[in-house]
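The next block holds one structure in the form of C-alpha cells; read it before the comments.
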Amino acid sequence: QVQLVESGGGLVEAGGSLTLSCAASGRTLSRYNMAWFRQAPGKERKFVAGITRIGGNKYYVDSVKDRFTIARDNGTNTVYLQMNSLKAEDTAVYYCGAGGANIFTMSGMDYWGKGTLVTVSA
C-alpha cells in the first residue's frame, strides 16, 4: 500500500506560481510511475503531467507544456509539480497518482491522494 498526500495548493493571481508536493509513505515511489491529474469543477479528472519509473521520462498535456515541470525525489519519496505562468483555466483540484501501467490514464494509477485545490484568479 502507498499513501499519498498532496500539499501546496492555494489561491494565486494569474501569472503567478505554485509548487505542489506529493509525499508518499508505505512504499518507495521509485517503484511507480507518478502523475498529476486535475479536476476542474463539473469536469472529469484529466492527466496533467507524468514521470516514469524507469528513465524518468516526463510527459505533459499540451496546455501546460513550458509552464509546468514535474520532478521526483526518490530519496525523500516526494513528487513535485512546479507551476508557472498560471492561468484561470488551471483552476482545479490537483491529484497525485502512483501506478505501474499507463501513465496517462486514471486506470493506470493504483493509488491516489485526496487532492489539493489550486485557484487562479483572473
Side-chain angles (χ1 to χ4, degrees):
Q1 288 288 336
V2 175
Q3 292 77 44
L4 302 173
V5 178
E6 302 96 335
S7 62
L11 175 63
V12 63
E13 292 185 350
S17 299
L18 283 175
T19 300
L20 305 184
S21 300
C22 173
S25 61
R27 286 183 178 176
T28 176
L29 286 185
S30 62
R31 301 178 56 161
Y32 301 96
N33 296 323
M34 300 299 299
W36 288 93
F37 286 69
R38 66 186 179 187
Q39 187 167 15
K43 297 191 177 181
E44 296 180 347
R45 191 178 301 187
K46 294 185 178 180
F47 172 83
V48 176
I51 184 167
T52 60
R53 175 177 66 90
I54 298 175
N57 299 309
K58 301 178 182 181
Y59 301 92
Y60 302 92
V61 67
D62 285 347
S63 61
V64 308
K65 282 180 181 177
D66 300 323
R67 298 191 298 123
F68 290 11
T69 302
I70 188 170
R72 67 191 301 161
D73 185 338
N74 290 336
T76 60
N77 238 18
T78 305
V79 175
Y80 301 95
L81 185 67
Q82 173 67 43
M83 304 186 296
N84 298 326
S85 302
L86 283 162
K87 305 176 180 179
E89 51 263 42
D90 295 318
T91 294
V93 177
Y94 284 72
Y95 296 90
C96 174
N102 190 320
I103 199 171
F104 302 105
T105 64
M106 290 182 60
S107 61
M109 299 290 112
D110 300 312
Y111 304 100
W112 292 97
K114 294 184 177 181
T116 185
L117 176 63
V118 173
T119 303
V120 183
S121 61

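Along the sequence shown, the residues carry numbers beginning at 1.
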Does [X] have any side-chain hydrogen bond (donor to acceptor under 3.5 Å, both in side chains) partners at least two apart in sequence or in another chain, and if so, which?
| X | result |
| --- | --- |
| Ser30 | Thr28 |
| Arg45 | none |
| Asp90 | Arg38, Arg67 |

Quick one: list whatever passes side chain to side chain contact (heavy atoms under 4.5 Å, CB included) with Ala40, sequence neighbours left out.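 Scan of Ala40 (side chain to side chain contact (heavy atoms under 4.5 Å, CB included), adjacent residues dropped) gives Lys43, Ala92.
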
Would you give the length of the straight line joining atom [atom1] of [X] to atom [atom2] of [Y], rounded to the nearest 0.5 angstrom?
| X | Y | atom1 | atom2 | answer |
| --- | --- | --- | --- | --- |
| Lys87 | Ser63 | NZ | OG | 8.0 Å |
| Met34 | Thr78 | CE | OG1 | 9.5 Å |
| Glu6 | Leu81 | CD | CG | 11.0 Å |

Who are the salt bridge (charged side-chain N to carboxylate O under 4.0 Å, His left out) partners of Asp62, not counting sequence neighbours?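 Testing Asp62 for salt bridge (charged side-chain N to carboxylate O under 4.0 Å, His left out), a comparison that skips the adjacent residues, returns Lys65.
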
Sidechain-backbone polar pair: Lys58 side chain, Thr69 backbone, donor-acceptor under 3.5 Å: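 No; zero donor-acceptor contacts below 3.5 Å.
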
So, the side chain of Asn74 versus the backbone of Leu29: is there a donor-acceptor pair under 3.5 Å, distance only?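 The answer is no, because no donor-acceptor pair under 3.5 Å joins these two groups.
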
Scan residues 95-105 for pairs that pass side-chain hydrogen bond (donor to acceptor under 3.5 Å, both in side chains), counting only residues two or more places apart or in two chains.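 Of all non-adjacent pairs touching residues 95-105, those that pass side-chain hydrogen bond (donor to acceptor under 3.5 Å, both in side chains) are Thr105-Ser107.
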
Donor-acceptor pairs under 3.5 angstrom involving side-chain atoms of residues 14-23: please list them, not counting sequence neighbours.
unit_1: Ser17; atom_1: OG; unit_2: Asn84; atom_2: OD1; d: 3.0
unit_1: Thr19; atom_1: OG1; unit_2: Gln82; atom_2: OE1; d: 2.4

Show which side-chain atoms of residues 46-55 pair as donor or acceptor with protein atoms under 3.5 Å away, not counting sequence neighbours.
unit_1: Thr52; atom_1: OG1; unit_2: Ile54; atom_2: O; d: 2.9
unit_1: Thr52; atom_1: OG1; unit_2: Gly56; atom_2: N; d: 3.4
unit_1: Thr52; atom_1: OG1; unit_2: Asn57; atom_2: N; d: 2.8
unit_1: Arg53; atom_1: NE; unit_2: Arg31; atom_2: O; d: 3.4

Applying ring-ring contact (aromatic ring centres under 6.0 Å, His included) as the test, list every pair that has at least one member in residues 51-71; sequence neighbours left out.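 Sorted pair list: Tyr59-Phe104.
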
Grab the two heavy atoms, one from Ala24 and one from Val2, that are nearest each other, plus how far apart they are.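 Closest approach of Ala24 to Val2, heavy atoms only: CB-CG1, 4.3 Å.
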
Does anything in residues 26-89 form a disulfide (SG to SG under 2.5 Å)? List the pairs, not counting sequence neighbours.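 As it turns out, there is no disulfide (SG to SG under 2.5 Å) pair with a partner in residues 26-89 once direct neighbours are skipped.
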
Result block: side-chain N/O donor-acceptor pairs under 3.5 angstrom for residues 109-120, not counting sequence neighbours:
unit_1: Asp110; atom_1: OD2; unit_2: Gly100; atom_2: N; d: 3.4
unit_1: Thr116; atom_1: OG1; unit_2: Gly9; atom_2: N; d: 3.1

Is there a path of hydrophobic side-chain contacts, each under 4.5 Å between heavy atoms of I, L, V, M, F, W or Y residues, that connects Tyr80 with Leu4?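 Per the 4.5 Å side-chain linkage, Tyr80 and Leu4 are not co-clustered.
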
